[in-house]
Amino acid sequence: MMTNTPPLKEIIDEFDLGAKKSLGQHFLLDLNITHKIARLAGVEAGDLVLEIGPGPGGLTRALLAAGAEVVAVERDARCVAALETLHEFYPGKLCVIEGDALSINEPAILEQRTAKIIANLPYNISTELLIKWLKQGNMLWSRMALMFQKEVADRILAVSGTKAYGRLSIISQAASTPARAFDLPPQAFTPPPKVSSSVVLFDPPAVQPKNLDALEHITRAAFSQRRKMLRTSLKPVFGDRLEKALDAAGVRGTQRAEEISVDQFKTLAALYADKTS
Ligand code: SAH
């Protein structure tokens, strides 16, 4: 197979891919970095990868070079046209869909197959996409490798009792086992964003989680006012059953949301789901 794809810089010039701020475009043009992401995500020949926001295609090339079949969703028509140039080098291995990642139906575009989700995400929609995928779980993905602003990665990975700990930490850790792969300075991107970035790997949890909707509901109430005691913030959720639920989860009513572990929140969610079913 031919692999001498034209340099990315040429593609960017030819298709006039000046970065658009509104689309969160910060491109990765360094092959060392794109190949590192593919390697750390464990991409192998025959893997199916869902990539969001391929842009000019730096990461896409690394995924294809590793032997993956790639389904990519990109909103910018200029980039979709530029990615056409890859078809001749990887025939039948790349499918680019022009669309908004927030409104795609993942199982439909993947034809119900399980994929690895790998992306340098547009930062303004990264957490919304992550939560959407976490909730779909192991039917959709076997692993995810996603680039976030470092501050968002910190929130995903935070443990209870720390400042960064919150709803994103809890849903991420209840629905996956997240781990930081590596950090990148702003200069790794073209154009550079204002902040540092981190790649986070998500593996499926040992047991596929239940009650994620209940978990979202409870954590919303618990964290709506971080400083409130749980016996106050969770009262509207559990009503008369509050004391019992807190006891069962080993939580004191005087504690605050940020002191409660992911496992304790999972217990509360299970009790809440029982109550509403
Ligand atoms: N993966 C590329 C580009 C990352 S920048 C690289 O690493 O070089 C983020 C990309 O997401 C841009 O190409 C942008 O056009 C695209 N994008 C932004 N919003 C999107 C949306 N709602 N749906 C799909 N793609 C989107």
Side-chain angles (χ1 to χ4, degrees), residues 5-41 43 49-66 68 70-86 90 94-106 108-110 115-133 144-150 152-153 181-201:
T5 46
L8 268 176
K9 287 232 154 61
E10 260 173 42
I11 296 288
I12 289 174
D13 288 344
E14 183 184 341
F15 290 86
D16 199 16
L17 301 182
K20 286 189 189 166
K21 234 185 168 169
S22 60
L23 288 173
Q25 293 183 337
H26 299 284
F27 301 139
L28 278 176
L29 308 181
D30 181 338
L31 298 184
N32 291 318
I33 297 173
T34 54
H35 283 276
K36 186 172 175 183
I37 295 172
R39 191 175 67 245
L40 290 174
V43 177
V49 173
L50 173 63
E51 187 190 0
I52 300 304
L59 181 56
T60 319
R61 290 167 177 227
L63 300 169
L64 290 166
V70 180
V71 175
V73 179
E74 173 57 63
R75 199 169 171 181
D76 186 341
R78 299 173 311 163
C79 296
V80 175
L83 291 160
E84 296 287 320
T85 59
L86 289 176
Y90 298 99
L94 173 64
C95 169
V96 183
I97 297 168
E98 187 177 337
D100 180 349
L102 287 174
S103 54
I104 51 167
N105 178 338
E106 291 87 351
I109 64 170
L110 296 170
K116 288 180 172 162
I117 306 180
I118 303 177
N120 172 19
L121 293 173
Y123 288 154
N124 55 339
I125 56 172
S126 63
T127 56
E128 198 173 339
L129 289 172
L130 173 64
I131 290 168
K132 183 182 180 207
W133 298 329
M144 299 193 277
L146 305 173
M147 181 88 71
F148 298 94
Q149 291 176 282
K150 184 170 177 297
V152 173
F182 61 96
D183 295 336
L184 281 175
Q187 304 75 27
F189 302 83
T190 309
K194 289 206 176 66
V195 293
S196 294
S197 301
S198 308
V199 174
V200 182
L201 298 175

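Residues take their numbers from the sequence shown, with the count starting at 1. Start at 1 and go down the list; that is how both ligands and their atoms are numbered.
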(message) Side chain, backbone, both or neither: which applies to L102 and ligand 1 if a contact is any heavy-atom pair less than 4.0 Å apart?
(response) neither
(message) So for ligand 1, is G53 a polar contact partner (N or O within less than 3.5 Å, distance only)?
(response) yes
(message) Evaluate L28 for polar contact with ligand 1, using N/O atom pairs at a separation under 3.5 Å.
(response) yes
(request) May I ask you to check if ligand 1 and N120 share an N or O to N or O distance below 3.5 Å? (result) yes
(message) Within ligand 1, which atoms have a heavy atom of A101 less than 4.0 Å away?
(response) 21 (C), 22 (N), 23 (N), 24 (C)
(request) Using atom types as modelled and distance alone, determine if a side-chain donor or acceptor of E51 lies under 3.5 Å from a backbone N or O of I118. (result) no
(request) Under the side chain to side chain donor-acceptor pair (under 3.5 Å) rule, collect the residues that match up with T190, sequence neighbours excluded. (result) none
(request) With heavy atoms of V73 as the reference, note each atom of ligand 1 found under 4.0 Å away. (result) 24 (C), 25 (N)
(request) Could you establish whether K20 and ligand 1 come within less than 4.0 Å of each other, counting only heavy atoms on the residue side? (result) no
(message) If you apply the rule side-chain contact (heavy atoms from CB on, under 4.5 Å), what do you find for V70 with Y90, and how did you get there?
(response) CA-CA 10 Å; V70 180; Y90 298 99; over 6 Å; no
(request) Specify the protein heavy atom at minimum distance from atom 18 (C) of ligand 1: its residue, its atom name, and the distance to 0.1 Å. (result) L23 O, 3.1 Å
(message) On a heavy-atom basis, which atom in P56 and which in L17 lie closest, and how many Å separate them?
(response) CB-CD1, 3.8 Å
(request) Please verify whether a non-hydrogen atom of G57 lies at under 4.0 Å from ligand 1. (result) no
(request) Could you say whether the N/O atoms of F27 and ligand 1 ever approach to under 3.5 Å? (result) no
(message) Using a 4.0 Å cutoff against the non-hydrogen atoms of Q25, which atoms of ligand 1 qualify?
(response) 5 (S), 12 (C), 13 (O), 14 (C), 15 (O)
(request) Examine the proximity of ligand 1 to A119 and report which part, side chain or backbone, both or neither, has a heavy atom under 4.0 Å away. (result) neither
Side-chain atoms of residues 26-38: list all donor-acceptor pairs with protein atoms under 3.5 Å, sequence neighbours left out, distances to 0.1 Å.
residue: H26; atom: ND1; partner: P191; partner atom: O; Å: 2.8
residue: D30; atom: OD1; partner: N32; partner atom: N; Å: 2.8
residue: T34; atom: OG1; partner: L31; partner atom: O; Å: 3.1

(message) Are the side chains of M144 and L130 in contact, using a 4.5 Å heavy-atom criterion?
(response) yes
(message) Only heavy atoms of I125, strictly under 4.0 Å: list the atoms of ligand 1 that pass.
(response) 21 (C), 22 (N)
(request) Identify, by atom number and element, the atoms of ligand 1 in contact range of E51, meaning under 4.0 Å from any of its heavy atoms. (result) 1 (N)
(request) Provide, to 0.1 Å, the distance between atom 16 (C) of ligand 1 and the closest protein heavy atom, together with that atom's residue and name. (result) E74 OE2, 3.4 Å
(message) I'd like to check which ligand 1 atoms, numbered from 1 as shown, lie under 4.0 Å from a non-hydrogen atom of D76.
(response) 15 (O)
(message) With rounding to the nearest 0.5 angstrom, report the CG to CD1 distance, L129 to I104.
(response) 8.0 Å
(message) List ligand 1 atoms under 4.0 Å from D100, heavy atoms only on the residue side.
(response) 21 (C), 22 (N), 23 (N)
(request) Please check if the side chain of R61 supplies one atom and the backbone of L86 the other of a donor-acceptor pair under 3.5 Å. (result) no
(request) Using a 4.5 Å cut-off on heavy atoms from C-beta on, say whether the side chain of L50 contacts that of V73. (result) yes
(message) Starting from atom 25 (N) of ligand 1, what is the nearest protein heavy atom, named by residue and atom, and what distance separates them?
(response) R75 N, 3.4 Å
(message) Looking at ligand 1, would G58 count as a contact under a 4.0 Å heavy-atom criterion?
(response) no
(message) Between E74 and V80 (side chain of the first, backbone of the second, donor and acceptor by atom type, cut-off under 3.5 Å), is there such a pair?
(response) no
(message) Only heavy atoms of G24, strictly under 4.0 Å: list the atoms of ligand 1 that pass.
(response) 5 (S), 9 (C)
(request) Measure across Y123 and F189 and return the closest heavy-atom pair with its distance rounded to 0.1 Å. (result) OH-CZ, 4.1 Å
(request) Quick one: closest heavy-atom pair of L40 and A181, and the distance? (result) CD1-CB, 4.0 Å
(request) For atom 19 (N) of ligand 1, find the nearest protein heavy atom and state the residue, atom name and distance (0.1 Å precision). (result) P122 CG, 3.7 Å
(message) Tell me the closest heavy-atom pair linking S126 and L121, and the distance in Å.
(response) CB-CD1, 3.8 Å
